[in-house]
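Comments concern the structure below.
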Amino acid sequence: MRLGLFGGTFDPIHLGHLVLAESCREALGLDAVWFVVAGQPPHKQGGRTPVADRVEMARIAVSGNPRFEASEVEARSPGPHYTYRTLEAVSRDRPGDELFFLVGGDSLADLPTWREPGLVMERATVVAVGRHGSVEPPGEAIRAIVEAHPAARPIERVDAPRIEVASRDLRKRVAEGRSIRYLVPRGVEAYIEARGLYRSAPG
């Protein structure tokens with residue numbers, strides 16, 4: 001199976017996340033995409049919505065697509081979580097799968113700062129997603145990682161429509177009593193309303 005892994009806090013998940021995942025699924029012929037809901041990402045400390053709510057919103061968002069799945073591979077284990085460890089766990093459980101790790105194109109420059117970036121590139125094909133021409137070619141730091149890790153896989157680049165939605169802005173809109181209709185799936189909007197999420201000042 002060609003399996004895409006798309007990690008994030010998804011707080012909340014929105015249409016931009018779904019468009020990115022579907023663009024990669026189509027461009028790379030992925031059999032499935034897992035939305036890996038982060039329990040405790042090392043770069044985001046405190047102030048997050050409980051992981052159970054974020055997992056449930058992800059499940060609601062992907063429920064209409066049989067090739068999408070909300071994954072708890074990180075959410076159910078103690079953190080902090082690092083991508084190379086997540087890939088190791090998935091590879092151990094699914095040794096026959098070919099893994100692809102999906103990131104926004106603007107995050108590609110941060111890859112050298114990740115914990116064990118060489119192992120990330122050995123265990124999965126990193127896929128950088130952006131609008132046509134917006135994803136910069138790998139820089140010197142990434143080329144150095146590849147040279148130090150001969151088993152590292154080439155980075156793939158995928159063009160996708162850019163949906164200008166950010167989770168932090170959605171949290172702010174809800175806190176201010178403004179609409180998020182058409183920015184998130186309707187089921188996610190209803191869940192946020194029912195649970196009273198994000199009504200206080202966003203963190």
Side-chain angles (χ1 to χ4, degrees), residues 1 3-26 30-83 85-90 93-94 97 99-104 107 124 127 129 160 163-203:
M1 175 183 285
L3 174 60
L5 302 175
F6 182 19
T9 49
F10 301 119
D11 192 14
I13 192 169
H14 55 67
L15 296 186
H17 295 134
L18 299 172
V19 168
L20 183 153
E22 178 64 9
S23 296
C24 290
R25 186 205 63 75
E26 182 178 50
L30 303 181
D31 298 296
V33 176
W34 288 4
F35 289 70
V36 181
V37 181
Q40 185 182 345
H43 61 292
K44 294 184 180 180
Q45 300 297 327
R48 291 185 310 279
T49 304
V51 66
D53 285 316
R54 292 184 284 113
V55 168
E56 187 59 26
M57 286 189 285
R59 284 181 177 148
I60 291 168
V62 305
S63 62
N65 189 331
R67 295 186 184 271
F68 285 178
E69 180 179 332
S71 170
E72 294 185 69
V73 65
E74 288 189 1
R76 64 173 176 250
S77 62
H81 301 101
Y82 296 100
T83 298
R85 289 179 178 166
T86 298
L87 295 173
E88 179 181 41
V90 175
D93 292 342
R94 307 175 65 91
D97 288 1
L99 303 184
F100 297 79
F101 189 76
L102 316 183
V103 298
S107 298
V127 182
V129 189
I163 309 298
E164 297 287 355
V165 182
S167 294
R168 63 179 175 276
D169 294 333
L170 296 176
R171 296 193 298 269
K172 185 173 185 289
R173 291 179 71 92
V174 174
E176 295 172 349
R178 300 164 64 198
S179 172
I180 57 171
R181 181 71 54 90
Y182 309 122
L183 300 174
V184 299
R186 179 65 185 111
V188 172
E189 181 187 14
Y191 184 89
I192 291 170
E193 293 172 352
R195 294 282 293 171
L197 301 180
Y198 312 126
R199 288 184 181 173
S200 59

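Throughout, numbering of the chain's residues begins at 1 and tracks the sequence.
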Check: Tell me, do Leu15 and Leu18 make a side-chain contact under 4.5 Å, heavy atoms counted?
Finding: yes
Margin query: Around atom CD of Glu193, are there more than 12 heavy atoms from other residues, nucleotides or ligands closer than 6.0 Å?
Written below: yes
Check: In chain order, what residues pass the side-chain contact (heavy atoms from CB on, under 4.5 Å) check against Ser167, with sequence neighbours excluded?
Finding: Pro12, His14, His17, Arg171
Check: What is the minimum heavy-atom distance between Arg54 and Val37, and which atoms define it?
Finding: NH1-CG1, 3.7 Å
Checklist line | Inter-residue atom distance Phe6.CZ - Ile13.CD1, 0.5 Å rounding | finding: 7.5 Å
Check: If you look at every heavy atom in Cys24 and Val129, which pair is closest and at what distance?
Finding: SG-CG2, 3.2 Å
Output a table of donor-acceptor pairs, distance under 3.5 Å, between side-chain atoms of residues 61-68 and any protein atom two or more places apart or on a different chain; print 'none' if there are none.
from: Ser63; atom 1: OG; to: Ile60; atom 2: O; distance (Å): 2.9
from: Asn65; atom 1: OD1; to: Arg67; atom 2: N; distance (Å): 2.9
from: Arg67; atom 1: NH1; to: Asp31; atom 2: O; distance (Å): 3.2

Next item on the list: Considering non-hydrogen atoms only, spot the tightest contact between Val174 and Leu197 and give its length.
Entry: CG1-O, 3.3 Å
Next item on the list: With rounding to the nearest 0.5 Å, note down the distance linking NZ in Lys172 to CZ in Arg178.
Entry: 6.0 Å
Notebook entry, point to check: About how many Å separate CH2 of Trp34 and CG of Asp97, when rounded to the nearest 0.5 Å?
Noted result: 7.5 Å
Notebook entry, point to check: Arg59: what forms a side chain to side chain donor-acceptor pair (under 3.5 Å) with it, not counting sequence neighbours?
Noted result: Glu72
Notebook entry, point to check: At what distance, to the nearest 0.5 angstrom, does OH of Tyr198 lie from CG of Leu170?
Noted result: 8.5 Å
Item checked: Closest non-hydrogen atom pair between Leu30 and Gly4, with its separation -> CD1-CA, 3.9 Å
Next item on the list: Under the side-chain contact (heavy atoms from CB on, under 4.5 Å) rule, what do Asp93 and Val73 come out as? Steps first, then yes or no, please.
Entry: CA-CA 11 Å; Asp93 292 342; Val73 65; 5.7 Å; no
Next item on the list: Report the distance from atom CZ of Phe101 to atom CG of Leu87, rounding to the nearest 0.5 Å.
Entry: 6.5 Å
Next item on the list: Using modelled atom types only, decide if a donor and an acceptor are shared between the side chain of Arg25 and the backbone of Val33 within a distance under 3.5 Å.
Entry: no
Checklist line | Heavy-atom pair of closest approach, residues Asp53 and Tyr191 | finding: OD1-OH, 2.5 Å
Margin query: Suppose we screen for salt bridge (charged side-chain N to carboxylate O under 4.0 Å, His left out). Which residues come up paired with Arg173, at least two apart in sequence or across chains?
Written below: none
Next item on the list: Could you tell me the separation between the OG1 atom of Thr49 and the CG atom of Asp11, rounded to the nearest 0.5 Å?
Entry: 3.5 Å
Item checked: Test salt bridge (charged side-chain N to carboxylate O under 4.0 Å, His left out) applied to Arg76 - qualifying residues, sequence neighbours left out -> none
Next item on the list: Could you pull out all residues at least two apart from Glu189 that satisfy salt bridge (charged side-chain N to carboxylate O under 4.0 Å, His left out)?
Entry: Arg181, Arg186
Check: Going through the distances and angles, do Met57 and Ile192 end up as a side-chain contact (heavy atoms from CB on, under 4.5 Å)?
Finding: CA-CA 8 Å; Met57 286 189 285; Ile192 291 170; 3.7 Å; yes
